[in-house]
Amino acid sequence: MTELAKYRNIGIFAHVDAGKTTTTERILKLTGKIHKTGEVHDGEATTDFMEQEQERGITIQSAATSCQWDGHRLNIIDTPGHVDFTIEVYRSLKVLDGGIGVFCGSGGVEPQSETNWRYANESKVARIIFVNKLDRIGADFYRVVQQVRDVLAAVPLVMVLPIGIEDDFKGVVDLLTRKAWIWDDSGDPAAYEIQEPPADMADVIEEWREKLVETALDQDDDLMGLYLEGEEPSIEDLKRCIRKGTIALDFFPTYCGSAFKNKGIQPVLNAAVDFLPDPTEVKPQPEVDLEGNETGKVARIDPDRPLRALAFKIMDDRFGALTFIRIYSGRLEKGMTVLNTFTGKTERIGRIVEMHANSREELNSAQAGDIVAVIGMKNVQTGHTLCDPKDPATLEPMVFPDPVISLAVSPNDKAAAEKMGIALGKMIKEDPSFRMETDQDSGETILKGMGELHLDIKVDILKRTHGIDVTVGKPQVAYRETITQRLEDSYTHKKQTGGSGQFAKIDYSIEPGEPGSGYQFESVVTGGTVPREFWPAVSKGFEKSKEKGVLAGYPCLDFKVTLIDGGYHPVDSSAVAYELAAGAAYRQSMPKAGPQMMEPIMKVDVYTPDEHVGDVIGDLNRRRGMIKSQEPSATNVRIKAECPLSEMFGYIGDLRTMTSGRGQFSMEFLHYMPCPKNVAEEVIKEAKEREARK
């Protein structure tokens, strides 16, 4: 087994089209894992193995692979860049110790890179930065470094400088050694020479090296003191300081190159080994109890402690269900029994495999720090903890965003109906941001997801992978309702049916809460007019009712209920009576509290060539969008706007028409806002028609 200090669990993440998958391909080629590099645009990349990925040239699900470099074992996860699949990035970051953020040399810091960077900050993952595509027209390494400072508010620690740019990009200068790495144009990543840097770069090299040394030595006061007295630190000391600062997230070592032309990848691999943490150097995962509260214990990375492992991804392939597992402590062996703390059931470990995209190698055991897949686990879902049955504990679970868009699908015949249920079950296990529910009244199957592309691909997988023919309805927006006025009211629930009856009286106020505050309940009852043990029943009655608003039946957001007073009968009062009273009170009072429809507003980022800016802005205004800013860059203009989701269906087609195919955009959910009157009336009318049809 490799010792833990020689492990690196890293993920590669970036905006769509910054070159993550290409970078992963080059790393696999360099480390001898594959012998022929596949290209994304030919649909041949190793880690893009789904048909849908090969056709669209995008990565949809994260793929895991491992390789060796400089005596270290790298477990690499290539993640998608598209906003609809951010969930894949989020769950990959959860189990990784370090990351490589790839930025496009001409596009710079793009919207999706911001989201992924924010996720990585939340997960406290150490990163190195790779500025890719320096051979592209409009590439500018120094501009991207400045954007990392301005847009991401991060400190890039520049480790290499590019020699030449665009078509003349030849190689990089390593600032630590002051040596130049020059690659020839054969496209062979191993065909490089280390030589003296160009003489005309001497001043720039010294200027950036001085910044590098000063930032690094901030980590060590003694070395800083000696440096200020004029003593040059050794490269070993500098590397030690850089490693310390990288793991503490004080700065991010920054490299550059062109993955497609095979230039500049070796220094990035060396940096992953030199500066990214091994599994023992990362803050250990906290253990929680079943309520989700931290117990104060942590899963320390150590093969000799009891088993703690997190299932972070489930994938279905031709051999059955694969459960990807990150082992935090202990050992996992073939044939052993583990406990799933979420279900309380034990499962036997059948086959353990090490994945290389979609091919595999069988293993007999794995240990703390490993990322492996187990074949044929039955009841394990994403985010479940597997542990030693004799010493159970739960790891902090994952949090998944709520879907913002839904589609109705109906199977075309009876055979398809049966197959569809099974196929959707598998797909939901694989992707927790994809949900399904059956509309109780109409019997339709509703699919919910993070965006149009997300659902489009899910329907495509249903049709092609599972061979199920379905008819797709038009996308539905997840509207919400809320109230705008405070109201005091009273409700008495009485029911007498011989013997003991039911009695509950509540006096309460309902008022609007702050946006995002959700449902809140408080009781200010004194003197026992409603006994304390019945307060939770009142709260539960309102909470259950809020799922169906009074205007169009959408869930109700952000309101507070205060129980002020009430009445109680020593025989006839019960928790059930108070719960029913609260439910009826909700239906009685909500229509009087100024109910209002709310719609999801999306944060939209559009990239368009200069000459089409006017058209794009005019079109966004027609879609009720609010333009927040526009920033020109070397190749195009970035427009930031906020727009209602209901107006954004089919936007990509319109945008491409307006910009003759050159525009691109990304959007993510921002918050809920009140609907304009005409839109609200339309939504309520549709809801009433749906009711009438039933």
Side-chain angles (χ1 to χ4, degrees), residues 48-56 58-62 80 82 84-85 87-88 91 311 313-324 343 358 375-384 400-479 547 553-555 645 649-650 686-687 689-691 693-694:
D48 284 357
F49 50 83
M50 288 169 63
E51 281 178 36
Q52 288 83 358
E53 295 179 310
Q54 292 165 1
E55 275 177 20
R56 296 169 196 243
I58 60 172
T59 305
I60 293 170
Q61 55 177 6
S62 35
H82 205 287
D84 287 10
F85 311 106
I87 173 83
E88 288 283 343
R91 64 167 161 203
K313 178 178 169 66
I314 294 183
M315 217 171 86
D316 215 68
D317 72 358
R318 57 188 190 278
F319 302 107
L322 281 170
T323 307
F324 281 82
T343 58
N358 64 343
I375 298 181
M377 300 201 87
K378 298 200 174 42
N379 300 315
V380 178
Q381 304 246 358
T382 303
H384 287 183
F400 298 120
D402 285 329
V404 289
I405 172 173
S406 58
L407 272 183
V409 292
S410 48
N412 291 349
D413 53 49
K414 194 151 188 264
E418 287 168 13
K419 278 164 60 183
M420 185 170 88
I422 297 168
L424 286 172
K426 284 182 178 171
M427 286 158 68
I428 286 166
K429 270 192 161 170
E430 289 181 12
D431 178 358
S433 64
F434 172 59
R435 320 258 170 94
M436 166 194 111
E437 57 186 49
T438 308
D439 186 319
Q440 293 304 324
D441 307 307
S442 66
E444 280 183 320
T445 302
I446 312 281
L447 306 183
K448 298 183 163 187
M450 303 307 295
E452 264 186 298
L453 178 67
H454 191 195
L455 290 180
D456 184 26
I457 283 176
K458 294 298 179 201
V459 171
D460 197 34
I461 293 174
L462 266 183
K463 287 183 176 167
R464 272 204 287 195
T465 314
H466 298 285
I468 299 165
D469 227 7
V470 291
T471 307
V472 181
K474 77 180 220 287
Q476 293 289 331
V477 179
Y479 288 101
E547 290 309 310
Y554 289 100
L645 174 62
F649 289 130
E686 273 180 23
E689 282 169 7
R690 274 203 304 273
E691 280 299 309
R693 282 203 299 274
K694 288 167 191 173

- Please test Val409 against Ile446 for side-chain contact (heavy atoms from CB on, under 4.5 Å), starting from the C-alpha separation and ending with a verdict. CA-CA 6 Å; Val409 292; Ile446 312 281; over 6 Å; no
Residue set satisfying ring-ring contact (aromatic ring centres under 6.0 Å, His included) with Phe434, at least two apart, ordered chain then number -> none
One should read off an interatomic distance between Leu447 CG and Lys458 NZ, to the nearest 0.5 angstrom, of 10.0 Å
Q: Decide yes or no for Ile375 and Thr323: does some side-chain heavy atom of the first lie under 4.5 Å from some side-chain heavy atom of the second?
A: no
Taken to the nearest 0.5 Å, the spacing of Met420 CE from Thr445 OG1 works out to 3.5 Å
